[in-house]
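Just below is one structure, and these are the notes that go with it.
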Amino acid sequence: MTEQSLLFLGTEADRSYLPYLKPHLKGHKCFIDLRPVSTVAEVEIYAKADHRRVTGVLSTSQQLLSRFANTPDPSLDAYSGSYFKRNGLEYVFLNPLEHAVTVPYGDFLLSRFTSKFVEREKWLRTPDFNWCILTPLNWEKEYATFSSPAVIAIAPDIETFRYNLAIRCIGFTAITSENGTFRTRSIVIPMDSNWALTVARKLADLPAPKIFQNGKYDNSYCLRYNIIFRNWLWDTKTFFNSWYSELPKDLAFLQSFFVREAAYWKDLAESADLETYYLYNAKDTWATACSFLAWMMEAPDWAKKNFLMDFPGVYPRILMEMQGVKRNLPNLEKADKELDVMLEEKRAKLDRMLGVKGFNPNSNKQMPALFKILGCADLGSTDDKSMAKAIFRHPLNARILGTIRGIPKTEIVEKMGIRSMVKMRGTYLKEEKDFNGRWLYAIDPDATDTGRCKSHDHHFWCGAQIQNVPVGKTVKQTIEADGDFYFAECDLEQAETRHTAYITGDENLLAAINSGRDFHALNVQAFFGIPYASVYDDVLKKVLNKVIRNIGKRVNHGANYNMGPDVLVDTMGEEAIYEASRLLKLPSRWTAREIATYLLACFDKAYPTIRSKESGGYHEYIIATVKTTKTLTNALGWTRYCFSDPAKNKQALNAYVATLPQGQNAKALNQSVMKVFYDLAIHPEHSKNFRLVADIHDSIFFQYRAGHEYLADRVKERMEIEIQCKDIKGRTRSFTVPAALKLGKKNEQGELVRAKFWHETE
DNA sequence: TGGCTCTGCGCC
DNA sequence: AAAGGGCGCAGAGCCA
């Protein structure tokens with residue numbers, strides 16, 4: 001590698017962080033200048049001076065960036081890692097150096113992007129970009145290239161019109177490999193004729209494996225056109241989440257990460273010029289192809305294993321997304337009307353109490369003002385927890401804030417607070433979000449840090465996410481099963497707690513979870529010494545002491561997430577904390593914080609290996625594992641790369657402590673979803689009588705046709721899979737999380753009434 | 001008007 | 001000093 005001379009053009013804000021740049025320069029000479037720059041010419045004169053002979057410019061200057069970007073006010077963050085070459089001088093833009101300290105992966109990216117200059121030989125030698133617009137005149141020649149056996153993969157990408165969901169153009173980049181050299185060819189089909197449609201279908205049907213970036217989007221649109229992509233086997237978004245799940249995942253970031261010479265080009269999409277727009281489309285496909293090559297060459301085996309686990313999950317998810325669920329319009333209107341009436345009533349009541357007109361409890365200006373008047377400004381927030389505290393302080397507060405807060409999580413509309421009602425109407429009860437009478441959503445198997453699926457609104461710019469629909473009748477009564485189908489849900493029971501038990505190997509937790517008895521009542525006995533028999537009756541299967549059982553439940557929950565005492569007070573609420581104190585006969589002079597500290601200590605005594613600071617505990621194991629390997633791998637074989645140091649940062653510790661149980665459960669459920677998909681949802685014998693609706697973290701929500709109840713049992717069978725799990729001391733056990741099928745409700749005669757609406761599965 | 005941040009809240 | 005994990009989305013308010 002030849003000695004290089006670099007120039008860092010930063011800003012004053014970078015000054016105190018310059019030491020973080022140095023180790024990444026790998027000994028190369030680097031001039032530093034923090035003065036404002038206004039023109040490229042100025043930089044060139046400075047850099048090319050004989051005594052400097054600078055070849056590469058690293059810059060955190062937004063001002064300089066604006067000379068390169070195609071937009072008037074480009075964002076440094078969007079362009080970080082972007083590369084430009086002008087007049088023989090190369091430029092790479094970076095986020096402010098401060099990120100090296102303030103962002104967990106800041107130093108990592110600083111190193112990576114700096115290596116575009118100091119370790120250029122490590123980067124994929126990018127194939128040249130060459131492209132054309134496909135026309136009836138050139139298409140045969142291009143098609144011959146694309147269908148040649150030398151093509152190892154094809155990266156397609158579509159551009160769409162949002163207002164009518166039409167495909168505007170489709171780009172394809174073919175990767176060919178000859179004698180170890182990769183070449184690309186890119187083409188764009190403007191989708192403006194039947195000829196274009198025919199050609200697009202032909203290209204999609206080619207046997208070469210297809211690479212998409214977030215391909216569920218493209219394939220959703222193409223399915224409407226009957227453009228069927230054969231061999232969709234790769235996805236760069238899934239790739240990236242498989243390797244560095246904590247990093248950003250948008251395409252622009254991916255290209256700057258994988259392609260040395262890539263510049264952020266998304267702003268070309270704003271272009272009114274058609275040819276520029278098609279160029280943008282072609283570049284998208286080319287960048288996707290290059291990212292694919294770079295990932296294949298660079299990603300470690302564990303990331304590839306993650307990919308193989310996650311990618312097939314796109315097939316059941318796209319099926320769920322394209323089907324959605326039916327809305328029942330009369331029920332939707334009824335629910336909305338009911339909320340509307342109650343909302344107006346409560347708003348009027350609140351206004352009367354406050355002596356004003358139109359007080360808005362959702363306003364971040366008005367609510368703090370109200371808190372100030374009520375003497376609660378010290379709470380620092382006006383969220384639900386703070387409202388609970390304010391209400392606890394004084395009956396007047398209770399009267400006023402009660403209208404805003406209502407009874408949390410209640411299923412009765414009359415008891416709901418203003419905020420909940422606004423939330424329900426705005427988020428879940430808007431008819432205009434539906435698509436031909438159906439609620440659509442997206443479910444991504446490749447988008448979270450822990451490996452869970454994530455839901456959001458649909459690719460067709462409608463619908464809403466399906467994983468946070470409020471419990472209870474109000475919203476769920478608007479979701480109706482199709483034709484002669486019924487709804488059912490199958491839930492994994494106590495899934496994450498069971499995973500925690502087998503990961504930590506905590507003997508007490510294992511015993512509790514496997515006793516077949518009521519887990520929370522056992523906790524009450526273990527935590528507080530209150531006899532199990534006074535909390536739960538095993539024979540009648542009945543809770544005898546709801547209050548104390550609930551306290552046990554919440555302490556368990558809090559400790560599992562490694563809460564501190566203050567947060568436990570917040571989540572439980574002072575009322576419940578003092579109630580616990582009374583029930584457990586704790587010293588009456590104790591503060592809420594002291595009570596919470598005691599409650600958490602009770603958990604630690606009962607389950608000594610979970611949070612224990614002593615040697616051999618789970619938290620210590622997490623800290624040590626991340627320190628030595630920077631990764632955490634769960635029993636299903638999914639690995640998370642960890643950028644933060646859990647020894648130095650409690651938030652990071654909490655995240656990493658949670659990642660194994662959460663991710664392990666997620667991957668187990670994913671296996672079940674795959675089985676249900678292949679064995680039932682698309683099985684020739686069953687697909688007519690079975691529909692997958694969604695997977696929701698620890699449950700599968702589906703429909704079966706009347707007379708085909710056995711299909712529900714088959715879902716349950718496929719969810720109860722055996723898991724081999726090695727605990728932190730190296731002992732392997734196998735276990736199965738039990739699943740519970742919810743088909744409907746029993747009527748007065750004790751007969752099962754099957755669920756026609758979603759709330760009836762609860 | 002659209003885009004942005006902030007706050008708050010829905011779920012597991 | 002204090003620290004609950006994983007998410008998406010709506011409304012308010014500010015700014016260009």
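Chain naming here is simple, since letters A, B, ... match the order of the sequence lines and numbering starts at 1 in each.
- For A/Asp491, the side chain to side chain contact (heavy atoms under 4.5 Å, CB included) partners at least two apart in sequence or on another chain are A/Glu489, A/Ser699, A/Lys742.
- Contacts of A/Phe460 classified as ring-ring contact (aromatic ring centres under 6.0 Å, His included), with partners at least two apart in sequence or in another chain: A/Tyr221, A/Phe435, A/His458.
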Task: Summary of protein contacts for nucleotides 6-12 of chain B, nucleotide by nucleotide, where a base hit scores B, a sugar-phosphate-only hit scores S (4.0 Å, heavy atoms) - done: BSBBBSB
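- In the displayed structure, A/Lys630 atom NZ is contacted under 6.0 Å by more than 12 heavy atoms of other residues, nucleotides or ligands.
- Summary of helix geometry: the two end axes of the helix from B/dT1-C/dA16 to B/dC12-C/dG5, each defined by five base pairs via their C1' atoms, are inclined to each other by 10° (rounded to 10°).
- Considering only residues two or more places apart in sequence or on other chains, A/Thr382 meets the side-chain hydrogen bond (donor to acceptor under 3.5 Å, both in side chains) condition with none of them.
- For the ring-ring contact (aromatic ring centres under 6.0 Å, His included) test, no residue two or more places apart in sequence or in another chain qualifies with A/Phe757.
- Listed by chain and residue number, nothing satisfies the side-chain hydrogen bond (donor to acceptor under 3.5 Å, both in side chains) test with A/Arg554 (two or more places apart in sequence, or in another chain).
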Please set out all donor-acceptor pairs under 3.5 angstrom arising from side-chain atoms of residues 406-415 of chain A, sequence neighbours excluded.
from: A/Thr410; atom 1: OG1; to: A/Ile412; atom 2: N; distance (Å): 3.1

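- Among pairs with a residue in residues 646-663 of chain A, those fulfilling side chain to side chain donor-acceptor pair (under 3.5 Å) read A/Glu246-A/Tyr656, A/Thr450-A/Gln662, A/Asn562-A/Asn654, A/Arg640-A/Thr659, at least two apart in sequence or across chains.
- Put simply, chain A comes within 4.0 Å of DNA chain C, heavy atom to any atom, from C/dA3 to C/dC14, going 5' to 3'.
- Among residues two or more places apart in sequence or in another chain, the salt bridge (charged side-chain N to carboxylate O under 4.0 Å, His left out) test is passed with A/Lys357 by none.
- With sequence neighbours excluded, no residue satisfies side-chain hydrogen bond (donor to acceptor under 3.5 Å, both in side chains) with A/Thr597.
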